[in-house]
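Working notes, beginning with the structure itself.
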Amino acid sequence: MSAILFDRIDEPGLATIDVYTRRGGYSALKKALAMPREAIIEELKVSGLRGRGGAGFSMGTKASFIPGAEIDKYLVCNADESEPGTFKDRELMQKKPHQLIEGMIISAYAVGANRSFIYIRGEYVLQAEMLERAIAEAKQAGHLGENIHGSGFSLDLVLQRGAGAYICGEETGLLDSLEGKRGNPRLKPPFPANEGLYKGPTLINNVETLATVPPIIEMGGAEYAKLGVENSAGTKLVSVSGNVQRPGNYEIELGISSREIIFGLAGGPEAGRSVKLWFPGGSSSPVLTADDLDLPYDFDSLAKAGSMLGSGAIIVVDDSVRVVDVALKLASFYRHESCGKCTPCREGTNWTVNMLERVQSGEATPMDLDIIASVQEQIIGNCLCVLGDAMAMPVGSLVAKFRPEFEAHIEAARERNGLGASQPAVEQPVLTI
Amino acid sequence: MSEVTRFTHGSRIPGWDQSTDPSKPAAAIPDPATTTVPEELRAAIEAEIAKYPERRSALIPALHHAQEHHGWCSPEAIEQVACVMRLTPGEVAAVVTFYDMFESKPVGKNTIYVCTNISCSLNGGDRILAAMRDAAGDDPDFNIRGFECLGACDMAPMASINGEYVGPLTDEDCNQVIAQLTAGETPLPAKQLSLRPCADAAGRTGGDGQ
Ligand SMILES: Cc1cc2nc3c(=O)[nH]c(=O)nc-3n(C[C@H](O)[C@H](O)[C@H](O)COP(=O)(O)O)c2cc1C
Ligand code: FES
């Protein structure tokens, strides 16, 4: 497989417009500007490109939802990248900012948006600087601004830095933040494609999704679709971290075995350790175990196994780690990041942390595990956005898959605290209302 | 556990347990005639406003400028931002308290975020936070915070030091960071993110990278 996104990634100067252009950059833009808009959207559909930010929705289909009317429309690039374990967009923005900008110009042209924004997480200072410089260069070169290369199409691009809030990666929370408000998600529908930024139709895509657009235009959608497997076309950046020897970003062809990524590329856990569990798509994805290592890494295979590809962030946890600590770490993160707008998420994340603290400190009984499990069930599907689900799915899966370890932990902690053995677990959660 | 200030109930609703004086009218938009705003801060905020079709969109960039100017989002800073943005101080304060990077209490001039999220903690992130705090002692120049995933889990355990990402860190590095910052030097220049090659390019022989 030849790299599409990481091609020449470490070449010195690739972040400058000169080197990028010398390596063929901005030729896809020229090609696209000579194509009818519908033809570009068609290429995107044919390519099979699915969103790389988490939900995996077809990019071409989403673009086709943007109304054709001559009204104010917007393109927003989601560069908030705050899903724990995810750091792929960082590498692209820092080292290939022009590929993102080129992808944005083509996408904006395709949907007829004249204003575009990149919302980058506030902590990414270096990456914001690289992008600012690249945007200035692109303006200078006439790729941005009025009447781009005589096409009659004009585009403005503004970079906005966030200020530290995971929820601003959720697309409607992002829009509120971009409008200068607290990043509270909005009720959907209406979806951003109809009513987004400043109430105008808005296309929102992840950095990696948009950076894949120029290669697709260059090689043609059909050619791109030959990469990968059915329903999972193309290549994907995976961020591998946790207990592995060679953590980092790797570009893989979708459908290769997860073992190949975790062991072949990232080196697996250190000698003498083994994989206890892994998150295939960021900390919001239900966990998988060592038994699942041979799963093909693609959207359908991971979904079939009860998890998801998400943002492509693989977090590996080895056998030296206590599963209770992992669950508490996760739940604490989501509690902290809950915006507080809807009750199941605000209360559910808070009580899950409280109960896991009880488990950790040894005040709990196995019945608490039933209550934890039932709280997770009551969160899923009942929130304004999926932040609550993003805690409930992995925490629920940890309790379900590692229940004996939780119970052993509870008994050991009770013993240590001189509380004696707990009552036998009840079969039914007591809290069924 | 996250170390960023939390409001007891696990959500971003500060002040829910504080009493207010309902007889006091809500503060209005500050009067430009009587509010003094430092000239460069005003210019920076106005330049941000000019970028957007709706001026309120410039609020978060404006607060970044104000925090840089004042060291934190003080009541005075909020007043000045509100004045230029034509918002009420309440509207501005509501945004300040939502975002972790905005400081609503005075802090030391060196801000260090130590990541304590999952991948860093699997590699000792919680220990690094403690070591960093130990190294700084009670020096008021340091604002050391445990932070959520900073998007650099490949260099775990890591920290962001005045915006510069460094890692992987050892306990000894923490002493060095504090010493270097105190001496006005660049902290851990050899461990900066900007020097890090892409794992993909570095790992493949005869492949796509260098
Ligand atoms: C809580 C939450 C956090 C999210 N964070 C991000 C993020 O940091 N970056 C991102 O691209 N998408 C994130 N998403 C997904 C976005 O809502 C949206 O689906 C995505 O930006 C669409 O782009 P895509 O179709 O190119 O993937 C998040 C979603 C949720 C619910
Ligand atoms: S967990 Fe520390 S940077 Fe991601």
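Sequence lines set the chain letters: A, B, ... in the order given, protein chains first and strands last, and positions in each chain run from 1.
Most heavy-atom pairs under 4.5 Å with chain B, from the set A/P84, A/A266, A/A331: that is A/P84. Contact count versus chain B (heavy atoms, under 4.5 Å) is highest, among A/V125, A/V321, A/N249, for A/N249. Note on A/G85, A/G183, A/A163, A/S82: by heavy-atom pairs under 4.5 Å with chain B, the leading option is A/A163. Heavy-atom pairs under 4.5 Å with chain B peak, among A/G267, A/P247, A/G248, A/S320, at A/P247. No other option in A/Q94, A/E83, A/R121 has as many heavy-atom pairs under 4.5 Å with chain B as A/R121.
Here the straight-line distance linking atom CG of A/L197 with atom CD of B/E54 works out to 8.0 Å at 0.5 Å rounding. To the nearest 0.5 angstrom, B/F98 atom CZ is 5.0 Å from A/N184 atom CG. With rounding to the nearest 0.5 angstrom, the NZ atom of A/K95 is 5.5 Å from the SG atom of B/C198. Atom OG in B/S160 sits 11.0 Å away from atom CG in A/L126 (nearest 0.5 Å). Taking CG from A/L178 and CG from B/L59, the interatomic distance works out to 12.0 Å, rounded to the nearest 0.5 Å. To the nearest 0.5 angstrom, B/L193 atom CG is 10.5 Å from A/F87 atom CZ.
Within the 4.5 angstrom heavy-atom criterion, only side-chain atoms of A/C168, from C-beta onward, approach chain B. Within the 4.5 angstrom heavy-atom criterion, no atom of B/A156 approaches chain A. For a residue to count as touching a neighbouring chain, one of its non-hydrogen atoms must lie under 4.5 Å from one of that chain's; by this rule A/E91 touches chain B with the side chain only. Using a 4.5 Å cut-off between heavy atoms, A/V316 contacts chain B through its backbone alone, with no side-chain atom that close. Proximity to chain B (any heavy atom under 4.5 Å) is shown, for A/D72, by neither the backbone nor the side chain. Heavy atoms of A/E129 lying under 4.5 Å from chain B are absent altogether. Proximity to chain B (any heavy atom under 4.5 Å) is restricted, for A/F117, to the side chain, taken from C-beta onward. For A/S177, the parts lying under 4.5 angstrom from a heavy atom of chain B are both the backbone and the side chain. Contacts of A/R90 with chain B are made by side-chain atoms alone, with heavy-atom separations under 4.5 Å and no backbone atom involved.
For the residue pair B/I60 and A/K181, the shortest heavy atom distance occurs at CD1-O, 4.4 Å. Across all their heavy atoms, B/P53 and A/Y198 have their closest contact at CG-CE1, 3.3 Å. Smallest separation of non-hydrogen atoms from B/I118 and A/V326: CD1-CG1, 3.7 Å. The two residues A/K329 and B/S121 come nearest to each other via the heavy atoms CE-OG, 3.3 Å. Nearest heavy atoms, B/K51 versus A/R115: O-NH1, 3.7 Å. For the residue pair A/Q160 and B/P61, the shortest heavy atom distance occurs at OE1-CD, 3.6 Å.
For the side-chain hydrogen bond (donor to acceptor under 3.5 Å, both in side chains) test with B/S119, the passing option among A/S283, A/S239, A/S241 is A/S241; the others fail.
Among pairs with a residue in residues 176-194 of chain B, those fulfilling side chain to side chain donor-acceptor pair (under 3.5 Å) read B/D173-B/K191, at least two apart in sequence or across chains.
Remark: side-chain polar atoms of B/Y52 are not paired, donor with acceptor, to backbone N or O of A/E179 under 3.5 angstrom. Looking only at distances, no side-chain donor or acceptor of A/R246 sits under 3.5 Å from a matching main-chain atom of B/A199. No donor-acceptor pair closer than 3.5 Å links the side chain of A/Y166 to the backbone N or O of B/E148. In terms of modelled atom types and a separation under 3.5 Å, the side chain of B/D200 and the main chain of A/E251 share a donor-acceptor contact.
Contacts between residues 63-87 of chain B and chain A, defined by a heavy-atom separation under 4.5 Å, are made by B/H64.
Taking the side chain as every heavy atom from C-beta outward, B/C149 and A/F333 never approach each other to under 4.5 Å.
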